Amino acid sequence: MTTTDPFRDIFLAGIGALAIGAEKSQQVLDQLVQKGQITIDQGKDIAEQLSQQTSEKTTELRDQIIAARMKTMTKEERDAFAARVAELAATVDTDAELQNEEAAEIEAESE
């Protein structure tokens, strides 16, 4: 018997719902463009707005899930969680710096 994390399940369900909504919205936009009810440029603008809104909702949902999870943690667990997040952020920053350095080297070699 496997146990699952209910917070993870809620998060994944929310992301799935957002993805399905975005996909359906894109289908509707494509149909409107095909029927000539909106122009391609209008469709692109609407799709961009929907994408931005989806991204914002995903961020909001993620933050709510993390906050709810943290409320169930002890202070020590929250401190450990914050330390782990800081470690991950440092790793990502280091990876980004390395990628930037590699890109600069490749650009310098091509000149």
Side-chain angles (χ1 to χ4, degrees):
M1 179 178 186
T2 61
T3 59
T4 60
D5 182 354
F7 293 104
R8 179 180 174 273
D9 293 345
I10 293 168
F11 178 74
L12 293 176
I15 297 300
L18 287 171
I20 290 169
E23 184 179 320
K24 279 293 190 189
S25 297
Q26 187 61 51
Q27 289 173 354
V28 170
L29 286 174
D30 291 344
Q31 289 173 355
L32 291 173
V33 169
Q34 287 176 352
K35 292 178 181 179
Q37 294 177 345
I38 62 172
T39 66
I40 292 173
D41 288 338
Q42 288 172 324
K44 287 180 183 178
D45 288 343
I46 293 169
E48 186 176 310
Q49 289 173 7
L50 287 172
S51 176
Q52 181 179 355
Q53 288 174 353
T54 300
S55 177
E56 290 170 2
K57 288 293 181 188
T58 301
T59 299
E60 181 181 323
L61 177 62
R62 181 203 61 216
D63 291 349
Q64 289 173 354
I65 297 291
I66 291 170
R69 176 69 176 172
M70 290 179 72
K71 286 179 183 178
T72 67
M73 295 177 176
T74 65
K75 177 164 179 19
E76 293 78 20
E77 289 171 330
R78 282 192 305 276
D79 291 346
F81 178 73
R84 180 67 183 136
V85 170
E87 288 174 16
L88 292 171
T91 300
V92 170
D93 290 344
T94 300
D95 290 347
E97 288 174 15
L98 289 174
Q99 288 176 351
N100 289 339
E101 289 173 10
E102 289 173 2
E105 288 174 11
I106 291 170
E107 187 175 321
E109 289 174 3
S110 65
E111 291 177 350

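Just so it is clear, the model here is predicted, and its values are computed rather than measured. Quick note: residue numbers are just sequence positions, from 1.
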From [atom1] ([X]) to [atom2] ([Y]), nearest 0.5 Å:
{"X": "Asp79", "Y": "Thr74", "atom1": "CG", "atom2": "OG1", "result": "8.0 Å"}
{"X": "Asp45", "Y": "Leu50", "atom1": "CG", "atom2": "CG", "result": "11.0 Å"}
{"X": "Lys71", "Y": "Ile66", "atom1": "NZ", "atom2": "CD1", "result": "13.0 Å"}
{"X": "Glu97", "Y": "Thr94", "atom1": "CD", "atom2": "OG1", "result": "5.5 Å"}
{"X": "Gln42", "Y": "Leu32", "atom1": "CD", "atom2": "CG", "result": "10.0 Å"}
{"X": "Asp95", "Y": "Asn100", "atom1": "CG", "atom2": "CG", "result": "11.0 Å"}

Please determine whether residues Phe81 and Ile65 belong to a single hydrophobic cluster, defined as Ile, Leu, Val, Met, Phe, Trp and Tyr linked transitively by side-chain heavy-atom distances below 4.5 Å.
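Each belongs to a different hydrophobic cluster.
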
Grouping I, L, V, M, F, W and Y whenever their side-chain heavy atoms are under 4.5 Å apart, do Val28 and Ile40 come out in a common cluster?
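They do share one cluster, since a chain of ILVMFWY contacts under 4.5 Å joins Val28 to Ile40.
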
Could you tell me if Gln52 and Glu48 have a donor-acceptor pair between their side chains, going purely by distance under 3.5 Å?
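Glu48 vs Gln52: no donor-acceptor pair found between side chains.
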
Could you check if a side-chain atom of Thr58 sits within less than 4.5 angstrom of a side-chain atom of Arg62, using non-hydrogen atoms only?
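They are not in side-chain contact.
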
Taking only residues two or more places apart in sequence, or in another chain, which ones meet Glu60 in a side-chain contact (heavy atoms from CB on, under 4.5 Å)?
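In terms of side-chain contact (heavy atoms from CB on, under 4.5 Å), with neighbours along the sequence ignored, Glu60 is linked to Lys57, Gln64.
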
Test of understanding: with side-chain contact (heavy atoms from CB on, under 4.5 Å), list the residues that count as partners of Ser51, not counting sequence neighbours.
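Applying side-chain contact (heavy atoms from CB on, under 4.5 Å) to Ser51 gives none.
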
For residues Arg78 and Met73, report the shortest heavy-atom separation together with the two atoms involved.
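Between these two residues, the closest heavy atoms are NH1-O, 2.7 Å.
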
